[in-house]
2 protein chains.
Amino acid sequence: MKRTKKLYICKHNLSQAIMQHISSRQEYIEECGLIMEQSGLTRMVGRIIGYLAVSDKELVSFDEFTEVLQASKSSISTSVKMLTTMNLIKPATIPGDRKTYYRLAPDYCWSQIMRLKTGVLSTMYAMFMKGLDFRIRKADKTSQWLVEAAEFYKFMEQEIPALLDKWEERKTKSGE
Amino acid sequence: MKRTKKLYICKHNLSQAIMQHISSRQEYIEECGLIMEQSGLTRMVGRIIGYLAVSDKELVSFDEFTEVLQASKSSISTSVKMLTTMNLIKPATIPGDRKTYYRLAPDYCWSQIMRLKTGVLSTMYAMFMKGLDFRIRKADKTSQWLVEAAEFYKFMEQEIPALLDKWEERKTKSGE
DNA sequence: TATTTAGTTCTTTATGAAAAGAACCAAAAA
DNA sequence: TTTTTGGTTCTTTTCATAAAGAACTAAATA
C-alpha cells in the first residue's frame with residue numbers, strides 16, 4: 001500500500017494543524033504513519049515509532065506490534081529490521097524470555113538521518129554542472145541558469161553538514 | 001509509471017558517479033529524469049528540465065517536448081504546468097506564432113525549492129512534542145528520546161531558513 | 001461556416017512498492 | 001524425537017500514481 005509522498009503544495013502545514021487535534025493514542029500512531037510516509041519511510045515504520053512513543057512500557061515485543069498495529073508478522077519483521085538498520089530502534093532481550101523486544105535507541109544521533117539526505121545535494125550539483133558540458137555557448141542564459149543552480153546546491157552541500165556538526169557539538173557539550 | 005524514490009542506502013552517490021560517465025544528451029536527459037524522480041518530482045519533469053538544460057535553443061515548444069522526449073501531449077501538458085506552478089520554467093510566446101514555448105525561469109529563486117521542504121521539519125517537531133502529551137511519566141527514557149528528537153527538528157526548523165536567507169542575501173549582493 | 005492547430009482535461013493502463021500471506025527455519029521445550 | 005515458539009524470507013496481492021490515450025475546447029485559418 002503505497003501512498004502519496006508527493007506534496008507540490010505543502011501538505012505538512014495541514015499535518016501540523018491535525019497534530020494539535022489528535023486526542024487518542026490510536027489516532028496519534030496512525031498520524032505518525034502518515035507523516036513518516038510523507039518524509040520517505042513507510043507507514044508501518046511510522047506506526048512502530050508512534051507506538052513506541054506513546055507506550056508506557058519502554059520495551060515492546062515483536063508480537064505486541066503485530067497485535068496493537070494489526071499488522072502481519074512479515075510487515076513487522078521488515079519494518080523493525082529497517083528501523084534497526086537505521087539505528088532508530090534497538091533490539092533488547094530479557095533473560096529466560098525467547099522474545100525480542102525493541103526500544104527507541106537511547107543514543108540515537110539525530111543528525112545522521114539528515115546527513116543521509118545530503119547526498120541528493122551533491123547529485124543535484126553534479127547534474128547541473130554536467131549540463132554545462134553539453135552546451136555550445138557557455139555563457140548564454142541557460143548556462144547562467146545552470147551555474148546558478150549548481151552554486152545553490154554547492155552552497156547547501158557545504159552548509160548543511162556544517163549545521164549538523166554544530167548540532168553534534170552542542171549535544172556533546174550538553175552531555176558532558 | 002512510478003519508480004523508486006526510496007533510498008535507504010544512499011543511491012545518490014551512485015547517481016553522482018554515473019553522471020561523470022554520461023556522454024550523450026539523450027543519456028543526460030534520462031538521468032535527469034531519474035534524479036528528479038528520486039528527489040520527489042516526476043521522471044517526465046526531470047526530462048523536461050534536462051532537455052532545456054542541454055538544448056541550444058533557449059525556447060522550446062510544447063510539441064518539441066513531445067517529439068524529443070517521445071511523450072504524450074497529456075504528460076507534457078501536466079509536467080509543464082507543474083514546472084510552471086513551481087516557477088522553475090516560464091512560458092513564452094512569439095508574435096505571429098500560436099505555439100507556447102518554455103524556458104528555464106531566468107529569475108528562479110533556488111532557495112524557494114528548499115523552503116518548501118522545511119515544512120516537514122516543523123511537522124516532525126510537532127509530532128514528537130505531541131507524543132509527550134500522551135506520556136504518563138514525562139521524564140523516562142522514552143520521554144527523553146522524544147525531547148531530544150523534538151529539539152533536533154526545532155534546531156533545523158530555525159537554522160535552515162537562516163541558511164536560505166544567507167544565500168538570498170549573497171545573491172542580491174552579487175546582483176547589485 | 002468548416003477545419004485545422006495547440007493544448008487541456010478526463011479516463012484508462014501499467015508499474016512498482018507496501019503490506020499480507022505462506023512457506024520455511026532454528027532453537028527451546030515437551 | 002516431536003512439537004511449539006518466535007521470527008525470517010519468499011511469493012502474492014493490493015493500491016496509488018505516472019504516463020498514455022481519448023475526448024474535448026478555444027482560437028486561428030481556410
Side-chain angles (χ1 to χ4, degrees), chain A residues 1-8 11 29-30 32-49 51 59-85 89 91-102, chain B residues 1-9 11 29-30 32-49 59-85 89 91-102:
Chain A
M1 281 180 220
K2 184 79 178 305
R3 297 297 163 86
T4 182
K5 212 170 301 173
K6 201 59 58 67
L7 41 143
Y8 304 118
K11 203 173 171 183
I29 291 162
E30 290 306 310
C32 284
L34 294 171
I35 291 170
M36 300 289 263
E37 187 173 50
Q38 283 187 338
S39 78
L41 299 176
T42 72
R43 190 173 289 193
M44 198 58 73
V45 155
R47 288 196 186 104
I48 288 172
I49 295 295
Y51 184 65
L59 299 180
V60 174
S61 72
F62 185 99
D63 65 312
E64 189 175 340
F65 284 129
T66 65
E67 284 160 27
V68 76
L69 304 180
Q70 304 255 69
S72 67
K73 288 199 296 175
S74 63
S75 184
I76 297 301
S77 179
T78 312
S79 303
V80 296
K81 191 171 185 180
M82 192 188 299
L83 283 166
T84 306
T85 306
I89 64 173
T93 50
I94 297 171
D97 189 336
R98 289 165 65 184
K99 291 181 184 177
T100 309
Y101 294 82
Y102 295 92
Chain B
M1 284 178 221
K2 184 81 175 305
R3 296 297 162 86
T4 182
K5 211 171 303 173
K6 201 61 56 69
L7 40 144
Y8 304 119
I9 285 135
K11 202 174 169 180
I29 291 162
E30 291 306 310
C32 284
L34 294 171
I35 291 170
M36 300 289 263
E37 188 173 49
Q38 284 187 337
S39 79
L41 299 175
T42 71
R43 190 173 289 195
M44 198 57 75
V45 155
R47 287 195 187 106
I48 287 171
I49 294 295
L59 299 180
V60 174
S61 73
F62 185 98
D63 65 312
E64 189 174 341
F65 283 130
T66 65
E67 285 160 28
V68 78
L69 304 180
Q70 304 257 66
S72 67
K73 287 198 297 175
S74 64
S75 183
I76 297 300
S77 179
T78 313
S79 303
V80 295
K81 192 172 187 181
M82 191 190 296
L83 284 166
T84 306
T85 306
I89 65 172
T93 50
I94 296 171
D97 188 336
R98 288 164 65 183
K99 291 180 182 175
T100 310
Y101 294 82
Y102 294 93

Members of residues 59-71 of chain B that approach DNA chain D, where some heavy atom sits under 4.0 Å away: B:Gln70, B:Ala71
Side-chain N or O of [X] less than 4.0 angstrom from OP1 or OP2 on [N]?
X	N	value
A:Ser72	C:dA19	no
A:Thr100	D:dG7	yes
A:Lys81	D:dG7	no

Looking at CD of A:Glu37 and CE of A:Met44, how far apart are the two atoms once the value is rounded to the nearest 0.5 Å? 10.5 Å
Out of curiosity, B:Leu41 CG to B:Met82 CE, how far, rounded to the nearest 0.5 Å? 7.0 Å
Provide the closest heavy-atom pair for [X] versus [Y] in the form atom of the first, atom of the second, distance.
X	Y	result
A:Ile76	A:Ala71	CD1-CB, 3.9 Å
A:Tyr51	A:Glu64	OH-OE2, 2.5 Å
A:Gly46	A:Cys32	O-CB, 3.4 Å
B:Val80	B:Ile89	O-CD1, 3.8 Å
B:Ser75	B:Ser79	O-OG, 2.7 Å
A:Asp63	A:Lys99	OD2-NZ, 3.5 Å

Taking atom [atom2] of [N] as reference, at what distance in whole Å does atom [atom1] of [X] sit?
X	N	atom1	atom2	value
A:Gln38	D:dA16	CD	P	15 Å
A:Ile76	D:dG6	CD1	C1'	14 Å
B:Tyr101	C:dA6	OH	P	9 Å
B:Lys99	C:dT4	NZ	P	17 Å
A:Tyr102	D:dT8	OH	C1'	10 Å
A:Ile94	D:dG6	CD1	C1'	14 Å
B:Met36	D:dA19	CE	P	12 Å
A:Met44	C:dA17	CE	P	18 Å

I need a per-nucleotide contact map over nucleotides 22-30 of chain D, read 5' to 3'. Cutoff is protein heavy atoms under 4.0 Å; write B for the base, S for backbone only, - otherwise. B----BS--
Parallel, tilted or perpendicular: which one describes the rings of B:Tyr102 and B:Phe65, with boundaries at 30° and 60°? tilted
Measuring from the side chain of A:Ser75 (C-beta onward, heavy atoms only), which nucleotide among D:dG7, C:dT9, C:dA19 has the closest atom? C:dA19
